[in-house]
Each structure stands twice: as structure tokens, then as C-alpha cells.
2 protein chains.
Amino acid sequence: MKRNTWQREAVREALDGTEGFISAQALHSTLHASGSPIGLATVYRALGDLATTGEADSLQSPDGEALYRACSTTGHHHHLICRNCGSTVEIAADEVEAWAHRVAGEHGFTRAAHVVDVFGLCANCTRLVAAE
Amino acid sequence: MKRNTWQREAVREALDGTEGFISAQALHSTLHASGSPIGLATVYRALGDLATTGEADSLQSPDGEALYRACSTTGHHHHLICRNCGSTVEIAADEVEAWAHRVAGEHGFTRAAHVVDVFGLCANCTRLVAAE
DNA sequence: ATGGTTTTGACAATCATTATCAATAAGCGT
DNA sequence: ACGCTTATTGATAATGATTGTCAAAACCAT
């Protein structure tokens with residue numbers, strides 16, 4: 001049976017209160033900083049569970065870290081991520097949605113899950129870089 | 001200055017002779033199996049270089065491994081990857097291409113590089129899983 | 001409150017990747 | 001062809017994220 005513990009709640013809330021993606025390590029640090037004695041392993045487990053149940057999205061950062069994000073809607077959405085400052089913008093991707101399923105189907109694939117994330121430089125960072 | 005070594009050539013050729021994506025570790029094993037005494041660190045370096053110069057594509061597998069693939073054309077393309085057996089199908093993504101740039105532009109982003117990969121179960125593995 | 005079971009958490013183990021650094025070898029000028 | 005300078009190699013250690021272990025603690029139906 002699935003039990004409710006304050007730890008799981010803490011992780012869920014911490015994730016809800018976070019803008020954009022965050023790594024398990026960072027989330028653990030945040031919780032600790034807030035005075036929570038939650039264990040690192042527990043944070044990993046909770047995040048894994050949330051991702052499995054669809055309550056959180058997860059993706060791999062370019063340097064191999066797993067990043068998580070609270071997923072309010074059950075609906076699928078994608079992200080525009082600044083390579084420099086890490087800010088994210090949620091984007092709708094209906095066209096891509098349809099495309100992904102069609103292409104997967106054309107090749108006999110089932111259970112298609114797509115990873116569509118656009119990395120770039122946000123307006124702000126573009127300016128900063130140009131000023132160098 | 002950039003020097004040419006047989007090691008770099010070996011990695012390039014091994015990658016060319018590989019279907020689909022392969023991890024650095026796997027490529028190193030393959031090379032060793034072929035009798036090459038090349039070092040693991042060197043394989044990592046060579047792959048990193050190839051990815052930087054655009055001679056190879058790289059992506060992160062769902063479990064955090066970096067995967068590489070020889071990139072014959074300079075043209076951009078995407079992949080349909082079987083979660084189970086790892087086989088890949090190269091897919092055209094013109095629509096997505098245009099979409100990614102448009103969306104990035106709408107939010108003031110520049111230098112957009114997108115990661116569009118579809119993970120699923122190929123026809124074969126779908127059958128295997130169903131038979132369980 | 002009690003018991004059976006799940007969950008936790010400190011720590012060890014694992015695994016991919018990167019750093020270190022002495023030894024080697026590429027490519028240049030001669 | 002010969003050195004010489006310097007990039008590259010490779011064995012190994014270090015790192016860093018993630019997962020496994022397992023006894024102790026917490027949850028919940030009773």
C-alpha cells in the first residue's frame with residue numbers, strides 16, 4: 001500500500017514552489033536549508049515516484065543530471081530553456097505532439113514518449129553575451 | 001595545434017561503422033574487442049571532440065548515459081529510439097525544425113538548439129513485452 | 001495501543017565521466 | 001632524417017550523481 005509521509009509531502013511542496021527545473025541534489029539542499037532533516041535517498045525516491053505517477057516531469061540536463069519539475073496539468077507540455085541562466089518558459093506543442101505520434105506510428109513504434117526541449121539563449125543572456 | 005593520431009581515427013571509424021547510437025563505454029569495449037589498446041579516457045576525449053566539431057551527434061539516454069552517433073550530413077535530423085533494444089530510426093523533422101525556431105523567436109531566444117527525440121517501443125519489442 | 005508492513009535515512013556501492021600527470025609521439029623547422 | 005616543442009595518450013585516482021542495503025522508525029487498519 002502507498003503511505004503518506006511528511007517527507008513525500010515536503011518533496012511535493014518544494015517542487016511545487018520551484019520555478020523551472022531542479023535537480024534532486026538541489027532540491028535536497030533547499031529542503032535542508034529550510035530546516036528539514038529529510039534524507040537524500042528519500043528525495044530521490046520521492047522524485048522518482050512523482051515522475052512515475054506523472055505528477056512531475058523529468059528530463060536529462062546536457063551534463064547528465066536528472067532534472068524534475070512539478071507538472072500541474074496532466075497535459076503534456078515542453079520547455080524552452082536558457083542555456084546560460086537556466087530560466088525556463090513553458091511552451092505549447094500541439095503540432096509536435098501530433099507529429100511525434102504520427103512518426104512513431106509510421107515506424108511501428110508504440111508507447112511513444114517524446115523529449116522535445118529547446119535550449120537557447122534567452123533575450124537577457126543574449127544581450128550579456130553580445131556585450132562581452 | 002590539432003594533431004592527427006591513429007586513436008582519433010579509430011574512434012571516428014568505429015563510430016562510422018556503428019548503427020544507431022552508442023555510448024562511450026560501449027565504443028571503447030568494441031574497440032578493445034577488435035584488438036585496439038586504445039584507452040578509455042581517449043575515447044571520451046575523441047567523442048567529445050567529434051561532438052564539438054559537429055562530426056557526431058550526442059544525446060542523453062533516459063538513464064543518464066551520453067550516447068553518440070556519426071553524423072554524416074551536416075543536416076539536422078532526429079531519432080526514434082527503442083527504449084528496450086536501443087535500435088534507432090532516423091527521422092526527418094522539417095516541421096519540428098520550423099516550429100522550434102518560431103517558438104524560440106517568439107520568446108526572444110536566440111541560438112536555438114533543440115533536442116527532439118522520440119522514445120518508444122519498436123514493433124519487435126512491443127510484441128515481446130505483450131507476450132510476457 | 002498493537003502488529004504487520006512500508007518507508008526512512010545513513011552509508012556503502014556503483015557507474016559514467018573527468019582530472020592528473022608522467023611518458024609518448026606529431027609535426028614543424030632544420 | 002633529427003631534434004624539439006608541445007599536444008596527446010593512458011593508467012589510475014577523483015568526482016559526482018544515483019542506487020542498493022538494512023536496521024530502525026513511522027504509518028495505518030484493527
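Only a predicted model underlies this, so the values are computations on that prediction, with no experimental measurement involved.
- The distance from atom CG of A:L27 to atom C1' of D:dT18 is 15 Å, rounded to the nearest whole Å.
- Listed by chain and number, the residues in a side chain to side chain contact (heavy atoms under 4.5 Å, CB included) with B:S29 amount to none (sequence neighbours excluded).
- If you take CG of B:L67 and P of C:dC15, they are 17 Å apart, rounded to a whole angstrom.
- Side-chain contact between A:L15 and A:L47 is present, with at least one heavy-atom pair separated by less than 4.5 Å.
- Note: OH (A:Y44) to C1' (C:dT8) measures 17 Å, nearest angstrom.
- As rounded to whole Å, 14 Å separates atom P of D:dT8 from atom CD of B:E9.
- One interatomic measurement links the two molecules: CZ of A:R12 to P of C:dT7, which rounds to 13 Å at whole-angstrom precision.
- Using a 4.5 Å heavy-atom threshold, the side chains of B:K2 and B:D49 count as touching.
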Letter per nucleotide, 5' to 3', of nucleotides 22-29 of chain C [B base touched, S only sugar-phosphate touched, - untouched; heavy atoms, 4.0 Å]: ---BBS--
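- Contacts classified as ring-ring contact (aromatic ring centres under 6.0 Å, His included) and involving residues 34-55 of chain A (residues at least two apart or in different chains) are not found.
- In this structure, CD of A:Q7 is placed 12 Å from C1' of C:dT6, rounded to the nearest angstrom.
- The nearest whole Å value for the distance from the CG atom in B:D49 to the P atom in C:dT17 is 15 Å.
- Side-chain contact check for B:I22 versus B:T30: some heavy-atom pair is nearer than 4.5 Å.
- Nearest heavy atoms, A:R8 versus A:A46: CG-CB, 4.3 Å.
- For B:R45, the salt bridge (Lys or Arg N to Asp or Glu O under 4.0 Å) criterion is met by no residue, not counting sequence neighbours.
- The shortest distance between side-chain heavy atoms of A:R12 and A:E9 falls below 4.5 Å.
- For the residue pair A:P37 and A:W6, the shortest heavy atom distance occurs at CD-CH2, 3.9 Å.
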Check the interface with nucleotides 11-16 of chain D: list each N/O to N/O pair with the protein under 3.5 Å, or write none.
none

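- Checking B:T18, B:L67, B:I38 one by one against B:L27, the side-chain contact (heavy atoms from CB on, under 4.5 Å) holds for a single residue, B:T18.
- The shortest distance between side-chain heavy atoms of B:Q25 and B:L40 falls below 4.5 Å.
- If you take NE2 of B:H28 and P of C:dT17, they are 13 Å apart, rounded to a whole angstrom.
- In DNA chain D, runs of at least 3 consecutive Watson-Crick or G-U pairs, each pair with both distances below 3.5 Å, span C:1-30 with D:1-30.
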